[in-house]
2 protein chains.
Amino acid sequence: MGRTAQISRTDVLAAALELADEAGLESVTMHAVGRRLAVTPMALYRHVGGKDALLDGLVETLLTEVTETAAAAPAPAEPLAPWEPLAPGEPLAPGEPRLVALAYAMRDTARRHPAAFPLLLSRPAVTAAARAARDAVYLGLREAGLPAESVPRAERLVSTAILGFAASEAAGRFAGHDQAVRDADFAELLRWLRLALTTS
Amino acid sequence: MGRTAQISRTDVLAAALELADEAGLESVTMHAVGRRLAVTPMALYRHVGGKDALLDGLVETLLTEVTETAAAAPAPAEPLAPWEPLAPGEPLAPGEPRLVALAYAMRDTARRHPAAFPLLLSRPAVTAAARAARDAVYLGLREAGLPAESVPRAERLVSTAILGFAASEAAGRFAGHDQAVRDADFAELLRWLRLALTTS
DNA sequence: ACCTGAACACCGTTCAAGT
DNA sequence: ACCTGAACACCGTTCAAGT
């Protein structure tokens, strides 16, 4: 057996995400990541393909965090808390909890990693993690009673709307409004989406 | 009178946008823009503050293009073509034409400048051009009959949804689907938004 | 197999200088 | 006022070499 590897792909991605969290996406540099791992920039190339592949890896990490956060979310009591204050009398489709958990998990991830999060909107998602996230939304939509042929389009629109809001918030596009306003914005967005999904 | 300036802020922004259109956002470089204008990189600093301000200027240019395209759009005949095929029987709120024109103008701008467009989602919009774009949406929402106190929140959500879709499409996030599918996606998104705006 | 070291073309920005 | 020229610290990536 050869020598034990000193750093792994996981180490590289973790270091890159920490750098982004602490100092912004423009600080995520092959040199800086190497520095953080006490290694030459060139040592990274064996574990990630290069700068672009490193950013794709960050997208993968974020998507995994979203799906895992959503999966770990406690099943909300009936009636569902996040929706309830907004429209007390409206019917809740069965299965909606999964979609709600995904939406909140996405926003939570954006809040934890505001600098890296906008990558999700700028890089096409074709990895296994991206497929897993998409499939989770598929499942939620089907559980909510959407006909199978409507699911793919609804997934694209729902994901894009949530992603767009979370990315905007993370990038500071709503910086003029404080958290309470943005919370109400997000709740209203979810109400809009529910309306679209439950109306014929 | 002093010597005539050789380049203007407009020249710099135009050169930068052309570079982005032709070779991607990563090619928009102080050195490269200077090269295109046959000028030293340092000559740009008098007209734009630096790299960041140059990108803010690009955002400004894109927003101006959006509002001007929308303003120049011919008033659609009754019934409104873009909505009509989707839901023939549904009522059209008065004033909706302006919102429809803005939505399509935004998507058109994204198509003309796919590399630069995602900047709109990643940079807070606080310039005069951003205010003008926001005010146009305000006007459309009021014309559509929305109560005044609902307008600001609705503007944030409508703009974010349209922006998120257009940016996703521009960035290639829907690259697996051909134009007809994306057209139908966009039309469905507009239908969702109309539903949200016309339901209590 | 995994990492180092030197090198290259390029980047954003500074400073001082020209006209 | 507007632009040049040299310079600096830094970037992504190459190549060849070490162990």
Side-chain angles (χ1 to χ4, degrees), chain A residues 1-61 115-116 118-119 122-124 171-172, chain B residues 1-61 115-116 118-119 122-124 171-172:
Chain A
M1 60 211 250
R3 292 191 290 118
T4 309
Q6 304 187 358
I7 59 172
S8 67
R9 175 181 156 85
T10 305
D11 294 332
V12 174
L13 294 179
L17 189 54
E18 285 167 23
L19 265 172
D21 292 344
E22 293 166 13
L25 199 57
E26 78 279 5
S27 304
V28 178
T29 278
M30 300 300 278
H31 287 249
V33 173
R35 228 175 284 134
R36 178 171 277 250
L37 295 171
V39 115
T40 285
M42 284 316 298
L44 307 178
Y45 280 76
R46 189 163 304 275
H47 304 281
V48 296
K51 179 71 182 294
D52 262 36
L54 188 158
L55 295 180
D56 287 336
L58 244 35
V59 167
E60 218 182 300
T61 304
L119 285 174
S122 68
R123 304 184 86 79
Chain B
M1 59 213 249
R3 292 191 292 119
T4 310
Q6 302 187 357
I7 58 173
S8 67
R9 176 180 155 86
T10 306
D11 293 333
V12 174
L13 294 179
L17 189 54
E18 285 167 22
L19 265 172
D21 292 344
E22 293 166 13
L25 199 57
E26 79 278 6
S27 304
V28 178
T29 279
M30 300 301 276
H31 287 250
V33 173
R35 228 176 284 135
R36 178 172 277 250
L37 294 171
V39 118
T40 285
M42 283 318 296
L44 308 178
Y45 280 77
R46 189 163 303 272
H47 304 282
V48 297
K51 180 69 183 293
D52 262 36
L54 189 157
L55 295 180
D56 287 337
L58 244 34
V59 166
E60 218 182 300
T61 304
L119 286 175
S122 67
R123 303 184 87 78

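Protein chains get the first letters and strands the later ones, always in sequence-line order, with residue 1 at the start of each. Values below: every heavy atom of this structure, side chains too, minus hydrogens, waters and symmetry copies.
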Legend entry - G-U wobble or Watson-Crick pairing nucleotide for C/dA1 (cut-off 3.5 Å, both distances):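 For C/dA1, the partner nucleotide comes out as D/dT19, under the 3.5 Å rule.
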
Inset, instruction - Please give the nucleotide sitting opposite D/dC11 as a Watson-Crick or G-U wobble pair, both distances under 3.5 Å, or none. - result: none

Which nucleotide in the set [options] lies at the smallest distance from any side-chain heavy atom of [X]?
X	options	result
A/Ala43	D/dC11, C/dT4, D/dC3	C/dT4
B/His47	D/dC3, D/dT13, C/dT13	D/dC3
B/Thr40	C/dC11, D/dG5, C/dT4	D/dG5
A/Lys51	C/dT4, D/dC3, D/dT13	D/dT13

Please give, in whole Å, the distance from [N] [atom2] to [X] [atom1]?
X	N	atom1	atom2	value
B/Asp52	C/dC11	CG	P	17 Å
B/Met42	D/dC2	CE	C1'	12 Å
B/Leu44	D/dC2	CG	P	14 Å
A/Tyr45	D/dT14	OH	P	7 Å
B/Glu26	C/dC10	CD	C1'	13 Å
A/Leu37	C/dT4	CG	P	11 Å
A/Ile7	C/dT4	CD1	P	8 Å
B/Arg35	D/dT4	CZ	P	14 Å

Legend entry - Face-to-face stacking of B/His31 with C/dC10, centres under 5.5 angstrom, angle under 30°: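 Not stacked by the 5.5 Å and 30° rule.
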
Legend entry - Main-chain N/O of B/Ile7 paired with B/His47 side-chain donor or acceptor, under 3.5 Å: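 Such a contact is found between B/His47 side chain and B/Ile7 backbone.
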
Inset, instruction - Would you check if the side chain of B/Asp11 reaches a backbone N or O of B/Ser8 as a donor-acceptor pair within less than 3.5 Å? - result: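 At least one qualifying donor-acceptor pair exists.
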
Legend entry - C/dC2 OP1/OP2 closer than 4.0 Å to side-chain N/O of A/Arg9: no

Inset, instruction - Return the 5'-most residue of the pair A/Met30, A/Arg46 with respect to DNA chain D, ranking by each residue's nearest nucleotide. - result: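 Final value for this comparison: A/Met30.
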
Legend entry - Residue whose closest nucleotide on DNA chain D lies nearer the 5' end, A/Thr29 versus B/Pro41: B/Pro41

Legend entry - Nearest heavy-atom neighbours spanning A/Ser27 and A/Leu19: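 In this case the closest contact between A/Ser27 and A/Leu19 is O-CD1, 4.0 Å.
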
Inset, instruction - Could you tell me whether A/Lys51 and B/Glu26 make a salt bridge, using a distance below 4.0 angstrom between a side-chain N and a carboxylate O? - result: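 Salt bridge absent between A/Lys51 and B/Glu26.
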
Inset, instruction - Flag the pair A/Glu22 and A/Arg36 as a salt bridge only when some basic side-chain nitrogen lies within less than 4.0 angstrom of an acidic carboxylate oxygen. - result: yes

